[in-house]
Amino acid sequence: MVSLETPSKDFIRQIIDEDNRTGKYDGRVHTRFPPEPNGFLHIGHAKSICLNFGIAEEYGGKCNLRFDDTNPLKEEDVYVKSMIEDIKWLGFAWEDRLYFGSDYFDQMYDYAVQLTKDGKAYVDEMSAEEIREYRGSVTRPGKESRYRDRPVEESLDLFERMRAGEFADGQMVLRAKIDMSHPNMNMRDPVIYRILHASHHNTGDKWCVYPMYDWAHGLEDSIERITHSICTLEFEDHRPLYDWFLEQLGVYRPIQIEFARLNLTYTVMSKRKLLELVEDGHVNGWDDPRLPTISGMRRRGYSPSAIRTFCSRIGVAKVHSIVDFEFLEHCLRDNLNKTSPRFMGVLNPLRVVLENYPEDKVEEFEAINNPEDESAGTRNVPFSRVLYIERDDFMEDPPKKFYRLAPGREVRFRYAYLVTCKEAVKENGEVVELRCTIDPETRGGNAPDGRKVKSTLHWVSEPHALDAKVHLYDRLFTVPDPLGQKEADFKDLINPDSLKVLTSCKVEPAVRNLKALDRFQFERLGYFCVDPDTTEEDLVLNRTVELRDPWAKIRKQQRKE
RNA sequence: AGCCCCGUGGUGUAGAGGUAGCAUCAGAGACUCUGGAUCUCUUGGCGCCGGUUCAAAUCCGGCCGGGGCUACCA
């Protein structure tokens, strides 16, 4: 019986529940993630990875990592390596189940021979153009090839010689014999083997005939005894063929289930478009932090956990959809808030001199590393007469709702003192320095008389400050759907401010202890991570995402008014 | 034009004949040594028409709308 309190499940998990209930696969759940190693993994793949590995985990089943490498012209080992790194980083394990479609080339070939023997496949010598012509169109039935009814023995002989390398690329192909007038184009005698005199990243020069996707994929699933073969919507029309092949061969049959791929606003997800951005130099490589690639997101400072949470919370369905970028950022902040140590850093420094603070005095204040995690402990931050604060934290002529520093106003310097601004020193009309005083009674940040201040600012002590270069990243495109614009090429819609480089940032000394890719928060600014390009001399930081910032919104509105 | 898939707040999803829920976004407020976090509240939705039924987001029919399919790619 079905439990009364069935938690909400997506349609795929509902199918699996039903299959488990009826014992279709004896209660086994075995999935696979089958990328073609011809590019880099992106957040869209992460959805599929989380789905396949996630389902296996939930049902106490297994998930294979299988590289679908049936086209030697496009596939390379470097992609295999990067994909393995990315999937591991996301936190999934396939134990000893790392497979390649090419592992099964012998079996696939044998099955093709069997199909031919059964009179259900034939060698066609028509050219690619002719085959295309004969296929007909979506509204017009196709025509049968003149080679379609050649004797089985002849096809067998030709196929054997195709494999032996007697023929040139494109000279002939092996085709399934199905139905040239089938309303589903995929069933109009699909090609299952083609000649390709190309070296394969795994099998080298052993083969010069390679199986097509439709032939290979179902067999790979069948050989691995996959139960639920989960793929994206564009393979829906291929399912009848998937089933047909396995049925004709009389072999084990998984079921194919299709779901909608992930789309995100303000970015592009197709491998081809990403490649274009990389090759044309619009971004700096596949791991550019502006890209939705796993490697780019890793370098940007995304956590595996945030990505996994996102993938599970967006759900799975068959409707085409575009998820708001803001939702990804929400999942990111939610995770980073709980896990990131805090530091103070000033992006656009403004010098502050505390006139009543002794010249050579240095104090240390204890700062909380993570208010969300007591076990993160505390650290000491040095304080002295000359400090830097954020330029944005001071206004000579503050508008309504600006709570920060202004002439005559008192604010708190985090963990330190209440500070009052006495004067703004200007050069050529620009504020270059603030002269301020502290209230010595407020050491630690609280006034004995109980008076309150409206805001707390972060600061960095000038003599102790570390210099840093900071990359500020913003969305890659200026519009939510860069590919949906009729009149414009998506590359013309790239946000010119997607990357800003700040070179004179000042950060507290404790940041020195961080390693490449370490994630942290600069209080009041956002989440950052250490860029791998960081050296002993040059500290390079990447801004992952800003903190939610109500003041920025107010400011924006005020400017409009 | 043929075949296949899909229509629930702005966005992403739940619902399986009986009070349309959750999340995000947006707006308002409380709290705060991060204008962060947290907490409270508010706006907003079943594509359309008909049928079945005491009762339809749900079942049936028609329409409208969106997407996919004509590689020796995957």
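Chain naming here is simple, since letters A, B, ... match the order of the sequence lines and numbering starts at 1 in each.
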Qualifying residues under salt bridge (Lys or Arg N to Asp or Glu O under 4.0 Å), relative to A:R342, sequence neighbours excluded: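 For A:R342, no residue satisfies salt bridge (Lys or Arg N to Asp or Glu O under 4.0 Å) once neighbours in sequence are set aside.
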
Has the side chain of [X] got a donor or acceptor atom sitting under 3.5 Å from an opposite partner on the base of [N]?
{"X": "A:E372", "N": "B:G36", "answer": "yes"}
{"X": "A:Q521", "N": "B:U34", "answer": "yes"}
{"X": "A:R140", "N": "B:G2", "answer": "no"}
{"X": "A:D549", "N": "B:G36", "answer": "no"}
{"X": "A:R342", "N": "B:U34", "answer": "yes"}

What is the separation between atom [atom1] on [X] and atom [atom2] on [N], rounded to the nearest whole Å?
{"X": "A:R414", "N": "B:U34", "atom1": "CZ", "atom2": "P", "result": "5 Å"}
{"X": "A:F522", "N": "B:U34", "atom1": "CZ", "atom2": "P", "result": "18 Å"}
{"X": "A:M185", "N": "B:C5", "atom1": "CE", "atom2": "C1'", "result": "18 Å"}

Using atom [atom1] of each nucleotide, how far apart are [N] and [M] to the nearest Å?
{"N": "B:G45", "M": "B:C60", "atom1": "P", "value": "27 Å"}
{"N": "B:A56", "M": "B:G47", "atom1": "C1'", "value": "16 Å"}
{"N": "B:C59", "M": "B:G17", "atom1": "C1'", "value": "8 Å"}
{"N": "B:A26", "M": "B:G12", "atom1": "C1'", "value": "16 Å"}
{"N": "B:G9", "M": "B:C48", "atom1": "P", "value": "11 Å"}
{"N": "B:U19", "M": "B:A57", "atom1": "C1'", "value": "14 Å"}

Polar contact flag, side-chain donor to acceptor under 3.5 angstrom, A:Y242-A:D221: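 On atom types as modelled, these side chains qualify, holding a pair under 3.5 Å.
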
Distance-only polar pair, side chains of A:Q521 and A:E523, donor-acceptor under 3.5 Å: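 There is no such pair between these side chains.
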
Side chain of A:F327 (C-beta onward), nearest among B:A74, B:A23, B:A26: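 Nucleotide nearest to A:F327's side chain: B:A23.
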
Among B:A14, B:C3, B:A74, the one nearest A:R194 by side-chain distance: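 So the nucleotide nearest the side chain must be B:A74.
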
Partner nucleotide, any strand, of B:A55 [Watson-Crick/G-U, under 3.5 Å]: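 Checking every strand shown, B:A55 finds no partner, since no pair has both distances under 3.5 Å.
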
Identified pairing partner of B:C22, criterion: Watson-Crick or G-U wobble below 3.5 Å: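 Because both required distances fall under 3.5 Å, B:C22 counts as paired with B:G12.
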
Stacking check A:Y403 vs B:G35 (5.5 Å / 30 deg):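 A:Y403 vs B:G35: stacking yes.
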
Sugar-phosphate only, base, or nothing, as touched by A:V173 at under 4.0 Å among non-hydrogen atoms: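 Base, at least one base atom sits under 4.0 Å.
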
Sugar-phosphate, base or nothing in reach of A:K401, heavy atoms under 4.0 Å: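 The residue A:K401 makes base contact.
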
Torsion-based syn/anti label for B:A71, 90° from 0 as limit: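 Here the answer is syn: the torsion falls within 90° of 0.
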
Min side-chain heavy-atom separation A:V352-A:F394 under 4.5 Å: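 They are not in side-chain contact.
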
With sequence neighbours excluded, residues passing side-chain hydrogen bond (donor to acceptor under 3.5 Å, both in side chains) with A:E76: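 Per chain and number, A:E76 pairs via side-chain hydrogen bond (donor to acceptor under 3.5 Å, both in side chains) with no residue.
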
